[in-house]
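Index from 1, following the sequence. All heavy atoms count here, side chains included; hydrogens, waters and symmetry mates do not.
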Amino acid sequence: MRVLIKSTEVSLATGPLAGISIRNQLPGQVTSIGTGGAMAAVKVSVEGAELTAAITKEAAADSHLEVGSSVMALVKSTEISRSRRLQDEQGSEDFVKKV
């Protein structure tokens, strides 16, 4: 099954957290960081997938994030949607419509 998670709904922590309501805590590793005016797009490799977290540049700097950093990707269950699988022109079922 494939799921869709908006990058603005992914938070990052530098380690596991206790005492919070977010149960989806996925260990991963930062694979790239792209920055713009005020935001950073942090790509995180998690088991079997890659997530992007849209966080502020300040948050990325304060967390000392860099390529190779170990992080926990945090996602609320209410923000996970199943994706519809579509076929592309070559008949591949790996094509997922972007929303």
Would you give me the side-chain donor-acceptor pairs under 3.5 Å for residues 49-62, sequence neighbours excluded?
| from | atom 1 | to | atom 2 | distance (Å) |
| --- | --- | --- | --- | --- |
| Glu50 | OE2 | Thr31 | OG1 | 3.2 |
| Thr52 | OG1 | Lys43 | NZ | 3.3 |
| Thr56 | OG1 | Ala59 | N | 3.0 |
| Lys57 | NZ | Gly36 | O | 3.2 |
| Lys57 | NZ | Gly37 | O | 3.3 |

Please report the shortest heavy-atom distance between [X] and [Y], naming the atom on each side.
X     : Y     : answer
Leu12 : Ala73 : CD2-CA, 4.0 Å
Val67 : Ser32 : CG2-CA, 3.9 Å
Gln29 : Gly68 : NE2-O, 3.1 Å

Side-chain atoms of residues 15-28: list all donor-acceptor pairs with protein atoms under 3.5 Å, sequence neighbours left out, distances to 0.1 Å.
| from | atom 1 | to | atom 2 | distance (Å) |
| --- | --- | --- | --- | --- |
| Arg23 | NH1 | Ile20 | O | 2.8 |
| Asn24 | ND2 | Val75 | O | 3.0 |
| Asn24 | ND2 | Ser77 | OG | 3.1 |
| Gln25 | OE1 | Leu17 | N | 3.0 |
| Gln25 | NE2 | Leu17 | O | 3.0 |
| Gln25 | NE2 | Ile22 | O | 3.4 |

Please give the remaining members of the hydrophobic cluster of Met39, linking ILVMFWY side chains under 4.5 Å, ordered by chain and number.
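Under the 4.5 Å side-chain rule, Met39 groups with nothing.
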Going hydrophobic residue to hydrophobic residue with side-chain gaps under 4.5 angstrom, can you get from Met72 over to Val46?
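In one cluster: no.
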Hey, any chance Leu65 and Val44 share a hydrophobic cluster, counting ILVMFWY side chains that come within less than 4.5 Å of each other, even indirectly?
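Per the 4.5 Å side-chain linkage, Leu65 and Val44 are co-clustered.
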